[in-house]
Structures are given as structure tokens and as C-alpha cells.
Amino acid sequence: MGNNKIGQIGVPIAVVSIVVMMIVPMPTILLDFLLTINITGALTILLMSMFVKKPLDFGVFPALLLVATLFRLALNISATRLVLTDGYAGKVIDAFGHFVVGGSLVVGLVIFLILVVIQFLVITKGAERVAEVGARFTLDAMPGKQMAIDADLNAGLIDEGEARRRRAEVASEADFYGAMDGGSKFVKGDAVAAIVITIINLVGGFIIGVAQKGMPMGEAVQTYSLLSVGDGLVSQIPALLLSVATGLIVTRSATSGTMGGDIVSQFGKQRMAIRLAGVGVLGLMLIPGLPKFPFLIIGGAVLLLSSRLPDPEEDAPDPIAQAAAEAAALPSPDSADALVNDMHVDALALELAPDLVDLVDGSVGGDLLDRVRALRRKVALELGMIIPPVRTRDNLELPFSTYAVKVAGVVAGRGEAPPGQVLAIGDDLEVLPGRATTEPVFGLAAKWVPEQMRHQAELHGATVVDRASVITTHMAEVVREQAPRLLNREDVKAMVDAVKRHNPVVVDELVPTQMTLGEVQMVLQALLAEQVCIRDLPRIFEGLSLKAKAGSDPEGLVEAARASLGPAIAAPYVVGETLAVITLDPLLEQKLFEHLRGSEAGTNLLLDAEMAESIGQQVAHAAAESEQRGQAPVLACSPQLRPALYRLISLTSPRVPVLSYSEIGGSITIETVARVTFAHAVAA
């Protein structure tokens, strides 16, 4: 049977047996064995607390402390039962009552009280305070530690597995110190219980001896009192060991070695202090009346020890020289390397106001970091590009309840997420308490309401969104809008290399023989600017390869890439099996062809202001009506007209995709929701 099986079965049985011990009488021979186990276990726990390198290595200590305290109290109850019923509780208690304290009741009581005072007022009191402060400081430091881990992950210094391990360690550390804060109360209560139990034994034994067994008062006091004191001493010695172990665990600092190794190492660096201590002890010999021999032996031994220790001044380098050497090795603040590091700009960053840090604190349920990581994967699959890591940090300069999304160091989106509130989106929100606002992505009417009003808001037909969802949704929209800026040359190189592993022929034919990485990047950025997914890179590269043979016109390359994707461009806008389409009147489309002009930057429509404004207003109105019906309309036109019409429509309706007829196909059903006309165009 493995250790895990033994622990899973043995420990519950042992705990249940402890409870049974409090009820069922036991023979004295068994009590002697259990008292011996109690002392041995306490000594083992004390030694383990000295040999662990950090408190988390003994993370089971708080629970073990409770079990050991319960076991000791069960032994107290069993011993009390034997003392009061038989006047004898085994050889262990008898030996402590007669031999250890010399058979003197006064000596036994004094020793017992001294042990209780040491445990209760000195060790337990200090350990309780250290555990309380440690728990509070650990919990306060959790958000900063988690943000530091996230910063290292985003910077690429650690991988996801290491970040997950560190977060688990931070959470375990907080749980441990919190448990130790409560566990120290067990030791404190045990000390109080020991005093009460001993007093009960003294009084109860005296009454039983005199009233029931007819003993003389002196004999009753001598018999029962010594056994009661022996029982108290037997219990207090393991209790004292566990109190010391508790103090050692909670006072351990973050060193990399065991307690004994750290003591020897750190004392070994203080040769002068140990030498002065030896001289001081020898100097005490000059005081009249003090014995010379003990001070001579101890002082000489300390001096001998100091002479064997290495001189830290000889072995260690000069700190000033070392600091100067390290400073010389570091780049100067004015050097090019230092300036380059200072000028580094994060591709994508999320900054939070100080009162929003709870969103990233896992101890209070903050899951914003997990949502941001999931968002990176979702948007990457949606757009087909590598999303840079999101650098999440706090910004003291932001107003309270505010967050900012930065792209290349520039604020691309800003919003608010007041603590303790949720965002209710919908109409007729006047009956709800809160502050009216606008939903940051779609500009819908909304209101920040207290979190307790979530259910009431839902009953009024509002869509309720929590703060983390508001931030991640806003960030997703910013990433979609800024996707062309986020796609850098290194990302394109990585994507091309990934395609080459599975489709080497198409890559070798295109890059670098026909197009450079920069030109490929330009095409991909143009596709992303129109929210076209670029996941199907092999098909895109095939279309570019055919077009690049005829010329390197940027607009022609983009259209060739779109043509290669075909109906995949229209697929995201299909609801059910229907695609809502806004079409152009044939006369208007013909008129637009007449105003189509080419340039180095691509084709454009040279329209008068009235015609351009009318087209934009009709498309915006038709799109708004379709969106209210739950549709995602697209504007369809001829392939030759599409690039120029997109440039025109993007000024007034950037959310409306412009597709060519060749990009709409497959098995979908086309529903014409509106037709754009312009009477002035016909008259002209």
C-alpha cells in the first residue's frame, strides 16, 4: 500500500480514534504508549519545523497542530478518568509526579506554572502576533505579486507553466499564513485548558479521596495532587514543543536553507563579534565571587571557535570596489543601451486605476488576467494573427474607476469600471439607481448600478455586464480596430515560417522571389483593416503569387487576396443561412463608375459633397435598421468599385463591410434589406 493510501485511510481513522478516546476508558498500559507517542510526535514536529527551508514546505502544519492539540486533550481526559477512578494513571504520569519533581507537590506546581507561563505568555503570544501580521501583510501583497508574475509572463521572462506555479505558490502562501493565524489560537486555548484541567483534577481528586474513599486529607492531597501535576507536566512538555514549533514556522524568513544551516552560515560571518563575546566571558572571571573554571572553559572555547572562522574582510571583496565595478559594468544612464531600454514601448497594454486592482486579485475573485489571456486566444483565432502579450499594470495617474487600453504607448481606448457596480445596458433604465453612461463598444445607453441591483435590472429587461466583461469586451474591440498596427514584421515572419512548414511550395514561390516580407505585411494589414480573417494564409499566398506576376500594385494585391478567400469573407456576417445585403441602384453604380479615378494610393471616387453625404446617410440608416433586427448587413458592389467605395463608406459607417459580388456565394441565402439610390446622380 502506497503512502497516499496510508494517509487517506490512516489519518481519518486516527482522528476518529482521538474522539473515541474522550469517551471510552482505556487501560494504563495503552495510556503509557499514547503518552509516549504524544511526546515523540511533538518532538518530531519541532525538528521538522527547524529543517524545512520555507514555511510552505510544511504547509500541513496548521491542520497537524489542530490534530495534535485534540490528541493531547483526549489524553488529558483519559488520564483524568484513571486518576479520579483508580488513583493510578500509568507509569509515565506516576514517574513525572514522583521522580521528575521529587515527589513534592509544591515543586511540581511551580514547574507546571512556569511551563504554562512560558508557553502562554511568551511563545504562544509572540507566535500569534507574528502569524496575524504575516497573514495581513501576505494578503496585502498578493495583488502586487500577481501583477509582477503577469508582467514577467507578458515580457516573456517566464512561460505559462511557471506563471501558473508562481500564482499557486502565492495563493498557498496566503492560505498558509491565514491558517497559521487561526492555528496559533489552538495553542493558546490549549494552554488555558491545561490550567483548568489541572485545577479540576486537584479539586476533584481531593474530594474523591476524602469523601468517597475515606482517605486522610494529607494522603488524598499527596496521592491525587501528585498524579494531577504529573498529568499536567506530561501534557505541557509536548504542548511546549508544539508552541516552539509554531513560533519557528511563522518567524522563518525567506531563506534558501534550513534553520540550522542558516544559523551556522550567518554566525560564521561574524568572527569579530564571537571573538569579543569570548573576551567578555573571560573578563567576567575578574568579578569576585564568581567561579573561575566555568567562565575560563566557555570563554576559551568561544575564542578558539572565533580563531577557526574565516575573516569576512579577507574573503569578501571590498563593497565599495564591488559596487563601483558593478556600476561600471552596467550601461550608463546616458548610454545607447540604457536609452533603448527606457524607450521600449509595449505593443499592447492595459492600465488600471488603483481602485481597480481587485479585478486582478485572485484572492477576492478577480479573474481579469485569465479573461485577458482567453481574449488573446479568441481574437487570434478570429483574426488569424498573433496578438502581442497584454502588459497589465496599475497607473496612479489614472482617475479612480478608470482603465485605459494602450497600443504602442498611445491610448486607443478608455473607459470606467466603478468598484461594486455592474453595467446595465438597455432602455427605460430611469427606475434603476445609478449613474447613466454609454456602453464603450457600441455606444448603447447604459447605467452603472449597484451590484446588489443586478436581479432588479434583469427584471427590467436590461443586459447586465460585470466590470471585467466590460473591460475585456472593450479591449477586444480595440484590438480589432488596431489590428493593422499590432501586426509587426516579426509576427509576419513567424506566420510565414509556420505556413512554410506545411506548405513550403507556396511560400518559396512567393517570398522572397515575388514579394518581400514588407509587402506581405502591407497586404495582411489592409485585410485586417477591413476585419478580414487572415487565418487561411496558404490560400492568401496563392492568390498573391498569381497577382504578383502581373505587377505589384498594392490595391490589386489586396483584392487578389480577397478573391482567393472568396465566400469566407462573407461567412462571419451570415445569420442562420441568410446574409443581409445592402445593394446599390444600377444607375447609381454606373454613375460611381464614371467618377472612379486611379492614383498611386489606389482608386478613389471623385464625388461632390451632396452625393457623398447622401450615400453615406442611406448606408448608415439601412445598417442601423438591420442591426435592430439582429442582422449584420454588408454593402455589395462590383469588384472594380469595391476598394474606392470602402474608402468612402468607412468615413461614415466604419462598421459596415463592403464586399464585392464575387465574395458573396456558396449555399447562403441573400436578403436585400435596402437599396442605395441618389436621384441627383441620375439627373446628372
Distance, nearest 0.5 Å, that separates [atom1] of [X] from [atom2] of [Y]:
X      : Y      : atom1 : atom2 : result
Met522 : Leu527 : CE    : CG    : 10.0 Å
Leu592 : Leu648 : CG    : CG    : 8.0 Å
Leu487 : Leu383 : CG    : CG    : 10.0 Å
Leu537 : His502 : CG    : NE2   : 11.5 Å
Ile534 : Leu524 : CD1   : CG    : 4.5 Å
Leu645 : Leu584 : CG    : CG    : 6.0 Å

Check: [X] side chain, [Y] main-chain N or O, donor-acceptor pair, under 3.5 Å:
X      : Y      : result
Glu509 : Val506 : no
Ser564 : Ala561 : yes
Asp346 : Leu348 : no
Glu589 : Ser638 : yes
Gln525 : Pro484 : yes
Asn503 : Pro538 : no
Arg485 : Ala408 : no
Thr402 : Leu398 : no
Ser626 : Ala623 : no
Arg597 : Glu594 : yes

task: Take His621 and Gln617 through the test side chain to side chain donor-acceptor pair (under 3.5 Å) and record every step on the way to the result.
output: CA-CA 6 Å; His621 179 71; Gln617 289 178 351; over 6 Å; no

Salt-bridged, [X] to [Y], with N to O below 4.0 Å?
X      : Y      : answer
Glu671 : Arg629 : no
Arg373 : Asp367 : no
Arg454 : Asp466 : no
Arg435 : Glu416 : yes
Arg562 : Glu530 : yes
Glu439 : Lys447 : no

Does the side chain of [X] pick up a donor-acceptor pair with the side chain of [Y] at under 3.5 Å?
X      : Y      : value
Gln514 : Glu519 : no
Gln456 : His460 : no
Thr669 : Glu577 : no
Glu627 : Gln631 : no

task: For Arg371 and Ser469, run side chain to side chain donor-acceptor pair (under 3.5 Å): C-alpha distance rounded to whole Å, both residues' side-chain angles, the deciding distance at 0.1 Å, then the answer.
output: CA-CA 8 Å; Arg371 294 196 186 196; Ser469 297; 2.4 Å; yes

Atom of [X], atom of [Y] and distance for their closest heavy-atom approach:
X      : Y      : answer
Cys533 : Leu565 : O-CD1, 3.9 Å
Gly384 : Met495 : O-CE, 3.5 Å
Pro450 : Pro433 : CD-O, 3.7 Å
Ser599 : Asn604 : OG-ND2, 3.7 Å
Val407 : Ala412 : CG2-CB, 3.8 Å
Pro388 : Leu486 : CG-CD2, 4.0 Å

Residues, nucleotides or ligands: over 12 heavy atoms within 6.0 Å of [X] [atom1]:
X      : atom1 : answer
Arg377 : CZ    : no
Arg539 : CZ    : no
Arg535 : CZ    : no
Glu490 : CD    : no
Phe400 : CZ    : no

Hey, are the side chains of [X] and [Y] touching, using non-hydrogen atoms and a 4.5 Å cut-off?
X      : Y      : value
Leu432 : Leu429 : yes
Pro586 : Gln590 : no
Ser401 : Pro419 : yes
Val422 : Arg467 : no
Val357 : Val360 : yes
Arg393 : Leu352 : no
Lys493 : Gln521 : no
Thr603 : Leu641 : no

message: Quick one, Arg647 with Glu555, criterion salt bridge (Lys or Arg N to Asp or Glu O under 4.0 Å). Give me CA distance, side-chain angles, the key distance, then yes/no.
response: CA-CA 12 Å; Arg647 295 187 179 93; Glu555 184 178 286; 3.0 Å; yes

Full working for side chain to side chain contact (heavy atoms under 4.5 Å, CB included) between Leu659 and Val581: CA-CA 9 Å; Leu659 277 60; Val581 177; over 6 Å; no

- prompt: Does the pair Gln618 and Ser614 meet the rule for a side chain to side chain donor-acceptor pair (under 3.5 Å), with working shown?
  reply: CA-CA 6 Å; Gln618 290 185 67; Ser614 176; 3.1 Å; yes

- prompt: Stepwise, does the side chain to side chain contact (heavy atoms under 4.5 Å, CB included) test hold for Ile471 with Leu350?
  reply: CA-CA 9 Å; Ile471 295 176; Leu350 173 63; 4.0 Å; yes

Residues Asp585, Val676; criterion side chain to side chain contact (heavy atoms under 4.5 Å, CB included); working and verdict: CA-CA 6 Å; Asp585 185 272; Val676 181; over 6 Å; no

task: Please report the C-alpha distance between Phe541 and Lys500 in whole Å, then the side-chain angles of each, then the deciding distance to 0.1 Å, and finally whether the side chain to side chain contact (heavy atoms under 4.5 Å, CB included) criterion is met.
output: CA-CA 11 Å; Phe541 288 174; Lys500 188 173 183 179; over 6 Å; no

